[in-house]
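A short worksheet on the structure shown next.
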Amino acid sequence: MGKTLAIWFKNGTTSYFEGVENFEHGWMNTDMISFDYFGVRSQVKRHAVFNFKVIAGYALEEDGE
């Protein structure tokens with residue numbers, strides 16, 4: 001089972017993603033994050049890519065110890 005991801009956008013909205021897997025971020029060479037997630041409403045697994053130009057910040061659930 002994947003993690004929960006919260007993304008805060010520069011326009012003030014927030015989105016939450018459940019079942020996040022394969023999270024990747026590019027700090028030096030790319031300005032984006034990408035991940036797979038399970039759409040709770042649609043009941044469909046999807047791949048998403050977001051550009052840092054619209055993201056104010058994000059939080060990815062940590063692994064439990």
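Quick note: numbers below take in every heavy atom, side chains included, and nothing from hydrogens, waters or symmetry partners. All residue numbers refer to positions in the sequence shown, counting from 1.
Going from atom CD of E62 over to atom NZ of K3 covers 8.0 Å, rounded to the nearest 0.5 Å. To the nearest 0.5 angstrom, L60 atom CG is 9.0 Å from H25 atom NE2. Separating the CD1 atom in I33 from the CG atom in L5 is a distance of 5.5 Å, to the nearest 0.5 Å. The distance from atom CD of E18 to atom CD of E61, rounded to the nearest 0.5 Å, is 8.0 Å.
Hydrophobic clustering (ILVMFWY, side-chain heavy atoms < 4.5 Å, transitive): W8 and F17 are in distinct clusters.
Two rings, from F23 and Y58, have their centers less than 6.0 Å apart.
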Hey, can you pull the donor-acceptor pairs under 3.5 Å for the side chains in residues 46-54, sequence neighbours left out?
unit_1, atom_1, unit_2, atom_2, d
H47, ND1, F35, O, 3.4
H47, ND1, D36, OD1, 2.7
N51, OD1, K53, N, 2.7

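In this structure K10 satisfies the side chain to side chain donor-acceptor pair (under 3.5 Å) test with no other residue, sequence neighbours excluded.
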